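Reviewing the structure listed below.
No experiment lies behind these values; they were computed from the predicted model shown.
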Amino acid sequence: MRIAIAAALAATLSVIGVPAQAQVELGVINSLSGNFAAFGERYRTGLQVALDEINANGGIKGQQLTLTIQDDRSEAKSALAAAESFASKGVPLVIGSYASSITGPLAQFLTRQKVPMIVLGSADDSITKPGSPWVFRAKHNSTIVGRAYFDYFDHLKNTKKDVPLETVAMLYGNGAWPTSLAKEGKRLASERGYKVVGDQSYDQGVTDFRPILNRFRGANPDILYIVSYAEDGVAITRQMREVGLNAKVIAIDTSAALPSFVQQVGKSADYVATAVSWSQDVKYPGAQQLYERLKAKAGGEPSFYEAEGYLALMVAADALRRADPKSRDSVREALAATDITTPVTTVSFKSADGFQGQNPIRSLILQIQDGKHVTVFPDDLAAKQAQHPTPEWSTR
């Protein structure tokens with residue numbers, strides 16, 4: 001029985017850092033198996049790049065930083081068990097997780113335990129709205145992302161006034177993040193004068209989207225606003241082409257940001273827009289150098305997910321250097337006073353518009369052009385101009 005228990009623990013926990021010596025240990029809860037494992041692996045790569053950089057520069061007050069990573073298996077129950085073990089162990093800070101449906105309960109639990117938490121990948125508004133004094137998010141949320149998409153739509157409409165953009169159709173999964181972003185999209189569409197001509201959620205596991213896409217084709221939307229996880233976005237894109245669903249603007253959140261999206265759908269990926277927190281060609285100091293380090297560690301093309309993992313740990317290290325790592329109250333106060341610039345973004349946690357502990361990061365819009373992700377909005381951070389409008393499937 002002892003052997004079986006040890007094997008089970010080994011499957012869920014790993015430690016990266018240095019051998020036992022004077023060190024500071026952080027807890028990480030990440031999705032390394034289950035539905036979100038593809039994202040979790042990318043976050044782990046970013047965390048490792050940051051860890052190497054932190055320890056090469058003296059660690060935390062001369063002590064090496066180590067990470068104890070527990071696999072939440074892409075489910076809230078396992079994440080909460082991991083959080084309980086970290087809380088009892090006395091780690092000064094926990095970083096986690098990917099999906100909003102996991103991170104939401106995690107944030108509530110760690111708040112009750114008074115353990116500082118940095119959000120790793122989740123973007124649902126409710127995590128920091130109203131939030132808590134113990135939870136901090138350096139990356140974007142659904143309000144920021146939704147606004148970025150509609151700012152982009154407005155920009156295109158104003159740039160090419162002869163290409164009217166008036167109607168939008170929305171397709172989204174029924175998980176916490178897609179639902180949150182769809183809700184914000186509908187609010188912004190109403191606020192900015194777009195008519196919603198399609199509004200459809202779908203259950204996780206659906207593979208045939210053609211009935212929905214055919215209905216959308218009948219509505220002839222100018223804009224397609226799609227929020228989907230990895231494989232869903234691939235299937236939707238292929239089936240859009242199959243049924244001939246055209247739109248002047250196609251935006252696909254989450255899945256279209258992955259390099260694998262382009263590999264799987266080929267030329268059908270061109271013209272698709274997606275919102276991200278970071279890109280290699282964004283005009284931030286050090287962005288290109290970070291891209292090279294992430295690429296070397298990943299052994300392939302990195303995405304903004306690796307950058308978000310890097311960002312979370314750099315924020316944690318900055319706070320720990322200014323705090324007493326043995327005092328969770330001290331760490332929380334240091335996080336609240338954060339004011340740093342990284343190759344991913346600047347970070348200062350604010351309480352405004354109902355949010356608490358939220359970094360007012362600027363989202364970027366990437367467009368896939370000739371098989372490559374290119375930053376096209378906002379203008380002052382863009383590498384190239386957007387290609388607009390999207391040509392009909394029959395002409396490309």
Regarding [X] and [Y], do their side chains bring together a donor and an acceptor under 3.5 Å, going by distance alone?
{"X": "Arg238", "Y": "Gln264", "answer": "no"}
{"X": "Tyr291", "Y": "Glu301", "answer": "yes"}
{"X": "Glu308", "Y": "Tyr43", "answer": "yes"}
{"X": "Asp71", "Y": "Ser33", "answer": "yes"}
{"X": "Gln70", "Y": "Ser85", "answer": "yes"}
{"X": "Asp72", "Y": "Ser97", "answer": "yes"}
{"X": "Ser228", "Y": "Ser255", "answer": "yes"}

So that I know where these two stand, are Phe153 and Phe150 an aromatic pair - ring centroids less than 6.0 Å apart?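 Yes, the ring centres sit under 6.0 Å apart.
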Does the ring centre of Tyr172 sit less than 6.0 Å away from the ring centre of Tyr225?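 No; Tyr172 has its ring centre 6.0 Å or more from that of Tyr225.
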Are [X] and [Y] within salt-bridge range, i.e. N to O under 4.0 Å?
{"X": "Asp380", "Y": "Arg362", "result": "yes"}
{"X": "Lys283", "Y": "Asp379", "result": "no"}
{"X": "Asp125", "Y": "Lys183", "result": "no"}

Closest contact, heavy atoms only, Thr111 versus Ser132: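 So the two residues come closest at OG1-OG, 2.8 Å.
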Has Asp208 got more than 12 heavy atoms of other residues, nucleotides or ligands less than 6.0 Å from its CG?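 Enclosed.
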Do other residues, nucleotides or ligands put more than 12 heavy atoms under 6.0 Å from the NZ atom of Lys372?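 Check fails, neighbour count at 12 or below.
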State the [atom1]-[atom2] distance between [X] and [Y], to the nearest 0.5 angstrom.
{"X": "Leu311", "Y": "Ile118", "atom1": "CG", "atom2": "CD1", "value": "8.5 Å"}
{"X": "Tyr310", "Y": "Leu290", "atom1": "OH", "atom2": "CG", "value": "5.5 Å"}
{"X": "Ser100", "Y": "Ile127", "atom1": "OG", "atom2": "CD1", "value": "4.0 Å"}
{"X": "Ser31", "Y": "Glu75", "atom1": "OG", "atom2": "CD", "value": "9.5 Å"}

Could you walk me through whether His140 and Ser363 satisfy the side-chain hydrogen bond (donor to acceptor under 3.5 Å, both in side chains) test, starting with their C-alpha distance in whole Å, then the side-chain angles of each, then the deciding distance to 0.1 Å, before giving a yes or no? CA-CA 7 Å; His140 53 210; Ser363 281; 2.9 Å; yes
Walk me through it: do Lys295 and Glu292 pass the test salt bridge (charged side-chain N to carboxylate O under 4.0 Å, His left out)? CA-CA 5 Å; Lys295 184 176 181 180; Glu292 296 295 344; 5.7 Å; no
Would the distance check show the side chain of Glu41 and the main-chain N or O of Ala38 forming a donor-acceptor pair, the cut-off being under 3.5 Å?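 It does not hold such a pair.
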A cation-pi test, strictly: NZ or CZ of Lys157 under 6.0 Å from the centre of the six-membered ring of Tyr194 and no more than 45 degrees from its axis. Yes or no?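 Flagged: Lys157 positioned over aromatic ring of Tyr194.
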Let me see the working for Glu53 and Asn57 under side-chain hydrogen bond (donor to acceptor under 3.5 Å, both in side chains), right down to the final yes or no. CA-CA 6 Å; Glu53 183 177 323; Asn57 288 297; 4.9 Å; no
State which residues pass side chain to side chain contact (heavy atoms under 4.5 Å, CB included) with Lys350; sequence neighbours excluded, sorted by chain then number.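 Ser348, Pro360.
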Asp162/Lys160 under salt bridge (charged side-chain N to carboxylate O under 4.0 Å, His left out): CA gap, chis, key distance, verdict: CA-CA 5 Å; Asp162 59 330; Lys160 285 200 172 183; over 6 Å; no
Could you walk me through whether Ser327 and Asp329 pass the side-chain hydrogen bond (donor to acceptor under 3.5 Å, both in side chains) test, one step at a time? CA-CA 5 Å; Ser327 166; Asp329 280 316; 5.1 Å; no
Rest of the hydrophobic cluster containing Ile368 (Ile/Leu/Val/Met/Phe/Trp/Tyr, side-chain heavy atoms under 4.5 Å)?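 Leu171, Tyr202, Val206, Phe209, Ile212, Leu213, Phe216, Leu224, Ile226, Val234, Ile236, Met240, Val243, Leu245, Ile250, Ile252, Phe261, Val262, Val265, Val272, Trp393, all in the cluster of Ile368.
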Under the ring pair (Phe, Tyr, Trp, His ring centres under 6.0 Å) rule, collect the residues that match up with Phe109, sequence neighbours excluded.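 Ring pair (Phe, Tyr, Trp, His ring centres under 6.0 Å) check on Phe109 returns nothing, list empty.
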